[in-house]
Visitor: 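The structure is given below, and queries will be raised subsequently.
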Amino acid sequence: MLPVLDPWRACAAAADVSLAAGASDEALRHRRASRLASLFSAAAAGSALYRRVFAGRDPTRIGLEALPVAHKKELMRDFKSWVADPALDLGRLRGFVADRANIAEPWLGRYMVWESSGSTGEPGIFVQDAAAMAVYDALEALRRPVLQPLQRWLDPWGLTERVAFVGATGGHFASTVSVERLRRLQPGLADRLRGFSFLQPIDALVAQLNAFRPTVLATYPSAAVLLAQERRCGRLKVPLQEIWTGGEGFSRTRRAFVRNAFECPVANSYGASEFLSLAFECSLGVLHLNSDWAILEPVDAHGAAVPPGRPGTTTLLTNLANHVQPLIRYDLGDRVTLLASRCACGSRLPAIEVEGRDDDTLVFRGASGAPPVKIVPLAVSTVLEEEAGLFDFQLVQQGPGELLLRTGRSGADTQAALEKASRVLRDFLAAQGAVGVRIRCRVGESGCCGRSGKTRRVVSSLR
């Protein structure tokens with residue numbers, strides 16, 4: 001069965017996103033207010049949880065700030081009451097995403113499903129209907145900056161592009177599902193858009209990329225840096241014209257290193273499992289929030305709004321596109337700053353800064369005579385989550401062959417889970433070529449937080 005796509009909704013969303021790009025401040029405010037009222041009405045009508053929240057109040061007249069903050073753990077625990085379609089059963093959905101063969105398959109013929117990585121210690125399941133997918137598709141297609149204007153003019157449909165996505169290709173993550181969905185909706189892309197797993201040894205990944213010869217690379221900043229090092233060493237030989245990154249912090253120094261290594265422009269974006277396309281960069285490299293479809297509220301530790309120009313302790317998301325699984329003042333866990341001044345590019349969409357995840361790449365000794373083995377942090381997290389079922393953890397590299405795996409939880413079951421995770425991780429590292437790695441486990445010991453406000457999951461003292 002083909003993935004979810006409603007051609008009429010897709011055309012309508014594309015037209016609206018296109019018009020909103022040149023809309024006035026007042027027109028953008030009107031769009032947000034109208035969509036917020038529609039979301040509240042749909043939530044009050046379809047979600048038992050939000051019927052309780054709105055009880056005795058008119059959902060079309062209440063202000064957003066009057067509603068409670070929502071947290072992933074509580075929402076997932078009360079999933080049946082949260083969602084607006086009683087056919088959405090959490091147990092069956094978890095079984096669905098446990099099967100890799102279901103990636104990009106429509107659930108019940110009408111929903112796209114993906115899972116979050118559990119970076120806050122709690123994995124989530126997120127369901128999108130045709131209306132939400134139409135909005136995400138329009139934002140992805142129309143709000144990305146044109147990095148190569150001449151190339152786009154000569155090839156407006158991207159027929160000469162070969163796009164490589166490097167990530168966790170074996171899980172139902174939003175990026176992986178999106179890539180496979182595009183391949184299935186547009187058969188002509190099947191040979192020109194391909195996913196490559198970063199869970200394999202780097203020499204195997206480099207060989208696959210060299211054989212595919214992509215012109216566009218989409219990946220995470222840590223993986224982009226690792227591939228740039230391979231490019232500098234002469235092992236990676238790909239004719240890249242553009243690089244798209246997201247999902248992690250990307251310092252100016254690391255970004256410049258990647259750009260210079262591949263001699264092509266680099267653009268970063270901001271998205272989440274809860275809203276696929278939150279912000280894209282303009283021509284000046286500034287992130288602009290898609291505020292016609294998403295509301296972000298940076299707040300302090302007490303939940304009070306912080307003024308523009310100051311980062312919040314966390315950020316609350318309200319998704320105006322998804323009425324099936326209402327996300328209203330949802331604690332996203334990221335630290336976002338709404339900039340006080342308008343961007344010089346002229347866009348009326350708010351300019352933001354995001355302090356993304358800042359986990360470290362791990363470096364180990366290779367076999368005798370072999371180069372060091374480098375493992376990107378998201379690959380480690382994926383292995384521990386997908387293969388060991390461990391979500392609340394911090395992994396610390398304390399020496400060239402020394403790792404500490406710890407969790408804030410305690411008890412005999414937790415100790416057993418950590419020991420299983422250490423065996424899984426040791427096998428993975430050995431398959432990557434890392435030799436003599438020792439892993440110690442500790443329970444009841446929480447990890448430190450990074451700049452993003454989330455616990456740093458992969459940390460190297462050798463950084």
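Start at 1 with the first residue, then count along the sequence.
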Visitor: For the residue pair D300 and V306, what are the closest heavy atoms and their distance?
Guide: N-CG1, 3.7 Å
Visitor: When rounded to the nearest 0.5 angstrom, what distance separates NZ in K420 from CD in E387?
Guide: 9.0 Å
Visitor: Check the angle between the aromatic planes of W114 and Y136 and answer parallel, tilted or perpendicular using the 30° and 60° thresholds.
Guide: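 Rings of W114 and Y136: tilted, as their planes differ by 30° to 60°.
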Visitor: The test is side chain to side chain contact (heavy atoms under 4.5 Å, CB included); show your working for V324 and F126 and say whether it passes.
Guide: CA-CA 10 Å; V324 175; F126 297 97; over 6 Å; no
Visitor: Going by the angle between their ring planes, with limits at 30° and 60°, are Y220 and F198 parallel, tilted or perpendicular?
Guide: tilted
Visitor: Are the side chain of E248 and the backbone of S222 linked by a donor-acceptor contact shorter than 3.5 Å?
Guide: yes
Visitor: For a 4.5 angstrom cut-off between non-hydrogen side-chain atoms, does L390 reach L418?
Guide: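 In contact.
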Visitor: Sub-3.5 Å donor-acceptor pair from the side chain of D331 to the main-chain atoms of V69, do we have one?
Guide: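 Such a contact is absent between D331 side chain and V69 backbone.
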Visitor: Once rounded to the nearest 0.5 Å, what's the spacing between atom CG of N290 and atom CG of L139?
Guide: 4.5 Å
Visitor: If I compare all heavy atoms of A164 with all of L209, which pair ends up nearest, and what's the gap?
Guide: CB-CD2, 3.9 Å
Visitor: Counting only heavy atoms not in D413, do more than 12 sit closer than 6.0 Å to its CG atom?
Guide: no
Visitor: Quick one: does N210's side chain have a donor or acceptor within less than 3.5 Å of a partner on R235's backbone?
Guide: yes
Visitor: In sequence, state the C-alpha distance, the side-chain angles, and the governing distance for R194 and Q208, and then conclude on side chain to side chain donor-acceptor pair (under 3.5 Å).
Guide: CA-CA 11 Å; R194 193 173 301 172; Q208 290 178 3; over 6 Å; no
Visitor: Is the shortest side-chain N to carboxylate O distance from R92 to D89 below 4.0 Å?
Guide: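 Looking at R92 and D89, the cut-off is not met.
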Visitor: Taking the side chain as every heavy atom from C-beta outward, state whether F364 and Q432 have any atom pair closer than 4.5 Å.
Guide: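 Not touching, per the 4.5 Å side-chain cut-off.
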Visitor: Which atoms form the tightest heavy-atom contact between F428 and L199, and what is the distance?
Guide: CE1-O, 3.1 Å
Visitor: Quick one: does R259's side chain have a donor or acceptor within less than 3.5 Å of a partner on P265's backbone?
Guide: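 The answer is no, because no donor-acceptor pair under 3.5 Å joins these two groups.
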Visitor: Would you say R335's side chain and T314's backbone share a donor-acceptor pair under 3.5 angstrom?
Guide: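 Not a single qualifying donor-acceptor pair exists.
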Visitor: Would you confirm whether S410, through its side chain, and G444, through its main-chain N or O, come within 3.5 Å as a donor-acceptor pair?
Guide: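 A pair under 3.5 Å: no.
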Visitor: At what distance, to the nearest 0.5 angstrom, does NE2 of H172 lie from CE of M112?
Guide: 9.5 Å
Visitor: What I'd like to find out is whether the side chain of E385 reaches to under 4.5 Å of the side chain of P123, using heavy atoms alone.
Guide: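 E385 vs P123: side chains apart.
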Visitor: Could you tell me whether R100 atom CZ has more than 12 heavy atoms of other residues or ligands within 6.0 Å of it?
Guide: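 Result for CZ/R100: open.
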Visitor: Spell out, as yes or no, whether a donor-acceptor pair under 3.5 Å connects the side chain of T176 to the backbone of A168.
Guide: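 Indeed, once roles are kept as given, a pair shorter than 3.5 Å links the two residues.
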Visitor: Heavy atoms, side chains only, cut-off 4.5 Å: are F393 and L425 in contact?
Guide: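 The answer is no; the side chains never approach within 4.5 Å.
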Visitor: Report the distance from atom SG of C11 to atom CG of D137, rounding to the nearest 0.5 Å.
Guide: 11.0 Å
Visitor: Check step by step if side chain to side chain donor-acceptor pair (under 3.5 Å) holds for N268 and R255.
Guide: CA-CA 9 Å; N268 203 29; R255 183 169 174 155; 5.9 Å; no
Visitor: For residues M76 and L90, determine if any side-chain heavy atom of one lies less than 4.5 Å from a side-chain heavy atom of the other.
Guide: yes
Visitor: Ion pair present between D129 and R9, side-chain N to carboxylate O less than 4.0 angstrom?
Guide: no
Visitor: Applying the side chain to side chain donor-acceptor pair (under 3.5 Å) criterion to Q394, which one of R457, R406, R456, E445 satisfies it?
Guide: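 The side chain to side chain donor-acceptor pair (under 3.5 Å) with Q394 is passed solely by R406 among R457, R406, R456, E445.
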Visitor: Should E230 and I202 be marked as a side chain to side chain contact (heavy atoms under 4.5 Å, CB included) after you check the CA-CA gap, both sets of side-chain angles, and the distance that decides it?
Guide: CA-CA 9 Å; E230 294 296 306; I202 186 64; 3.9 Å; yes
Visitor: To the nearest 0.5 Å, tell me how far E74 CD sits from W82 CH2.
Guide: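 So the gap between those two atoms works out to 11.0 Å.
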Visitor: Any side-chain to backbone donor/acceptor pair from R184 onto P3? Under 3.5 Å, distance only.
Guide: no
Visitor: Search all heavy atoms of R213 against all heavy atoms of P239 and return the closest pair with its distance.
Guide: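 In terms of heavy atoms, the two residues are closest at NH2-CG, 3.6 Å.
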Visitor: Would you mind reporting whether L240 and T215 have side-chain heavy atoms less than 4.5 Å apart?
Guide: no
Visitor: Rounded to the nearest 0.5 Å, how far does CD of Q325 lie from OH of Y330?
Guide: 9.0 Å
Visitor: Within a strict 4.5 Å, meaning less than it, do heavy atoms of the P377 and T361 side chains meet?
Guide: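 Yes, close enough: below the 4.5 Å cut-off.
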Visitor: Short question: side chain of R231, backbone of V258 - any donor-acceptor pair under 3.5 Å?
Guide: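 It does not hold such a pair.
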Visitor: If every non-hydrogen atom of A224 is compared with every non-hydrogen atom of F262, which pair is closest and at what distance?
Guide: O-CE1, 4.3 Å
Visitor: Under the side chain to side chain contact (heavy atoms under 4.5 Å, CB included) rule, what do H288 and C345 come out as? Steps first, then yes or no, please.
Guide: CA-CA 10 Å; H288 288 268; C345 75; 3.4 Å; yes
Visitor: Just by distance, do the side chain of N319 and the backbone of N322 share a donor-acceptor pair under 3.5 Å?
Guide: yes
Visitor: Between E115 and F173, does the side chain to side chain contact (heavy atoms under 4.5 Å, CB included) criterion hold? Intermediate values first, please.
Guide: CA-CA 5 Å; E115 56 184 332; F173 304 115; 4.1 Å; yes
Visitor: Return the minimal non-hydrogen interatomic distance between R143 and V17, and the atom names on each side.
Guide: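 Of all heavy-atom pairs spanning R143 and V17, the closest is NH2-O, 3.3 Å.
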Visitor: I'd like to check T337 versus P298 (side-chain heavy atoms, cut-off strictly below 4.5 Å). Are they in contact?
Guide: no
